[in-house]
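These notes are about the structure you will find just below.
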Amino acid sequence: MSVVFVAASQLPTPFGVFTMHGFLDEASGKEHVALTLGDVANGGPVLGRLHSECLTGDALFSLRCDCGFQLEAALRAIAEAGCGVLLYLRQEGRGIGLLNKIRAYELQDAGADTVEANERLGFGADQRDYAMCQPMLKHLGVGAVKLMTNNPRKVKALESYGLNVAERVPLQTGLNKHNRKYLATKAGKLGHMLGNLHQAESES
Ligand SMILES: Nc1nc2c(ncn2[C@@H]2O[C@H](COP(=O)(O)OP(=O)(O)OP(=O)(O)O)[C@@H](O)[C@H]2O)c(=O)[nH]1
Ligand SMILES: [Zn+2]
């Protein structure tokens, strides 16, 4: 796989001024982004997040999922730590793309859960791979991360590329009445470590 660095610039956000690094995955044509803050090549484990693109949650304020809330919480946590990296990965809809995700939402509106909907459309439950992370993190000089995620497959993927996941940091936020079933399905069928959903909702 060939993932090449293209350019970097500043990205001021409400949470802090990040550096934005743009990468091109030449095989897929996908354009991935890394946001960094502080010296991420300091040799120690840095706070990290692999964030899968979710146009609806990240940009359109959707309450069907927890993505937008997680994106904001991760950037805030990195800013508070003064150092960290977020990879914004263009694997919309767990790898099936935006239009197929809307098809899957249509099936979920009619009663299917998020896994059944993917399968009825002929897709796997989760079609993502994280191979692009290895060259991106290598370019940034990051060898070890404290990974903010509830998804055990992300931890395993990074470890399989030789990266040191020093710690998994839970990232539970944004639970609401519209995404309760979705999050329960993630915990029940996709193995996400989501603790006590009901307790989290009453506290949110
Ligand atoms: N196919 C499909 N994709 C979805 C659905 N809801 C959210 N997504 C996508 O799922 C991805 C986010 O995955 P999640 O399972 O929410 O979280 P995760 O990234 O696996 O795990 P965390 O690191 O804990 O956030 C994004 O690419 C979303 O676009 C859905 O109902 N169907
Ligand atoms: Zn989402």
Side-chain angles (χ1 to χ4, degrees), residues 25 28 30-33 35 47-78 84-133 137 145-159 163 165 167-197 200 204:
D25 181 339
S28 66
K30 296 272 187 193
E31 299 170 328
H32 303 293
V33 159
L35 298 185
L47 204 52
R49 164 94 183 136
L50 312 182
H51 193 86
S52 301
E53 177 178 14
C54 177
L55 180 88
T56 46
D58 298 340
L60 301 179
F61 311 101
S62 171
L63 297 177
R64 293 190 77 126
C65 60
D66 54 350
C67 303
F69 303 98
Q70 289 182 310
L71 180 60
E72 180 170 339
L75 292 176
R76 264 185 210 287
I78 290 169
V85 56
L86 180 140
L87 303 189
Y88 193 87
L89 306 170
R90 312 298 299 281
Q91 9 166 246
E92 171 63 71
R94 296 199 299 272
I96 68 175
L98 176 62
L99 298 182
N100 285 322
K101 186 173 81 169
I102 298 173
R103 288 190 176 100
Y105 277 164
E106 193 171 54
L107 292 172
Q108 289 172 67
D109 287 346
D113 71 32
T114 185
V115 169
E116 292 162 349
N118 262 34
E119 289 170 351
R120 272 185 221 167
L121 292 169
F123 299 112
D126 188 343
Q127 305 220 145
R128 286 174 289 182
D129 88 67
Y130 299 95
M132 72 294 263
C133 300
L137 292 172
V145 286
K146 291 178 273 188
L147 193 65
M148 294 181 277
T149 185
N150 310 312
N151 182 346
R153 280 179 305 284
K154 289 184 180 173
V155 176
K156 284 199 196 97
L158 285 191
E159 287 175 342
L163 287 144
V165 181
E167 190 184 330
R168 181 188 74 87
V169 181
L171 192 59
Q172 274 183 246
T173 177
L175 185 64
N176 65 69
K177 65 180 180 184
H178 304 284
N179 66 18
R180 191 188 306 119
K181 178 181 174 192
Y182 168 69
L183 292 175
T185 304
K186 283 196 345 181
K189 291 193 173 178
L190 293 170
H192 285 65
M193 297 169 278
L194 284 170
N196 186 331
L197 285 173
S204 64

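Indexing begins at 1, ligand by ligand and atom by atom, following the structure's order. Remember, predicted model here, so these are calculated numbers, not experimental data.
If you number the atoms of ligand 1 from 1 as listed, the ones under 4.0 Å from a heavy atom of Gln91 come out as 27 (O). Each of the atoms 22 (P), 24 (O), 25 (O) of ligand 1 lies under 4.0 Å from some heavy atom of Gln70. Within ligand 1, the atoms closer than 4.0 Å to a non-hydrogen atom of Asn151 are 18 (P), 20 (O), 21 (O), 24 (O), numbered from 1 in the order shown. Using a 4.0 Å cut-off to heavy atoms of Tyr105, the atoms of ligand 1 that qualify are 6 (N), 30 (C), 31 (O). Counting atoms of ligand 1 from 1 in the listed order, those under 4.0 Å from a heavy atom of Asn150 are 22 (P), 23 (O), 24 (O). Close approach to Asp66 involves these atoms of ligand 1, each under 4.0 Å from a residue heavy atom: 16 (O). Heavy-atom proximity to His192, at under 4.0 Å, picks out these atoms of ligand 1: 15 (O), 17 (O), 18 (P), 20 (O), 21 (O), 24 (O).
Residues Leu71 and Leu86 are in side-chain contact: their nearest non-hydrogen atoms beyond the backbone lie under 4.5 Å apart.
Under a cut-off of 6.0 angstrom, the local environment of CD in Gln127 is crowded, with over 12 non-hydrogen atoms contributed by other residues, nucleotides or ligands. Atom NZ of Lys156 has 12 or fewer heavy atoms from other residues, nucleotides or ligands within 6.0 Å.
Backbone and side-chain nitrogen or oxygen atoms of Ile96 are examined, and none is located within less than 3.5 angstrom of a nitrogen or oxygen of ligand 1. Residue-to-ligand polar distances keep Asp126 apart from ligand 1: every N/O pair is separated by 3.5 Å or more.
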message: Lys181 vs Asp113, test: salt bridge (charged side-chain N to carboxylate O under 4.0 Å, His left out). Steps then yes/no.
response: CA-CA 8 Å; Lys181 178 181 174 192; Asp113 71 32; over 6 Å; no

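Looking at Arg94 against ligand 1, both its backbone and its side chain come within 4.0 Å, counting heavy atoms. When heavy-atom distances to ligand 1 are checked against a 4.0 Å cut-off, Arg153 has no atom that comes that close, whether in backbone or side chain. Of all the heavy atoms of Phe123, none lies under 4.0 Å from any atom of ligand 1, so neither backbone nor side chain is involved. For Glu53, every heavy-atom contact with ligand 1 shorter than 4.0 Å involves the backbone, none the side chain. By the criterion of a heavy-atom distance under 4.0 Å, the side chain of Asn118, and not its backbone, is placed next to ligand 1. Residue contacts with ligand 1 for Arg64 are absent, since no atom lies close enough (heavy atoms, distance under 4.0 Å). With a 4.0 Å heavy-atom cut-off, ligand 1 is reached by no atom of Leu190.
For Thr56, the side chain to side chain donor-acceptor pair (under 3.5 Å) criterion is met by Lys101, not counting sequence neighbours. Contacts of His32 classified as ring pair (Phe, Tyr, Trp, His ring centres under 6.0 Å), with partners at least two apart in sequence or in another chain: none.
Interatomic distance, Glu106 CD to Arg120 CZ, rounded to the nearest 0.5 Å: 12.0 Å. Rounding to the nearest 0.5 Å gives a distance of 7.0 Å between CZ of Arg90 and NZ of Lys30. Put simply, NZ on Lys154 and CG on Leu89 are 7.5 Å apart, with the number rounded to the nearest 0.5 Å. Taken from CG in Asp66 to CZ in Arg180, the straight-line distance is 14.0 Å, to the nearest 0.5 Å. Between atom CZ of residue Arg76 and atom CD1 of residue Ile78 there is a gap of 12.5 Å, rounded to the nearest 0.5 Å. Taken from OG1 in Thr114 to OH in Tyr105, the straight-line distance is 7.5 Å, to the nearest 0.5 Å.
Protein N/O/S atoms found under 2.8 Å from the Zn ion (ligand 2), listed by chain and residue number: Cys54 SG, Cys65 SG, Cys67 SG.
The residue from Leu71, Thr114, Leu89 that puts a heavy atom closest to atom 31 (O) of ligand 1 is Thr114. Ranked by closest heavy atom to atom 29 (O) of ligand 1, the top entry among Met148, Glu92, Arg103 is Glu92. Of the listed residues (Thr173, Thr149, Asn179), the one carrying the non-hydrogen atom nearest atom 23 (O) of ligand 1 is Thr149.
Contact between Arg128 and ligand 1 is present, with at least one heavy atom of the residue lying under 4.0 Å from the ligand. Using a 4.0 angstrom heavy-atom cutoff, Arg49 counts as in contact with ligand 1.
With hydrogens and angles disregarded, a donor-acceptor distance shorter than 3.5 Å links the side chain of Gln172 to the backbone of Leu194.
Contact between Thr149 and Arg168 at its shortest, heavy atoms only, is O-NH1, 2.7 Å.
The salt bridge (Lys or Arg N to Asp or Glu O under 4.0 Å) analysis of residues 54-65, with sequence neighbours excluded, yields the pairs Arg64-Asp109.
Side chains of Arg128 and Tyr130: a donor-acceptor N/O pair is present below 3.5 angstrom, by distance only.
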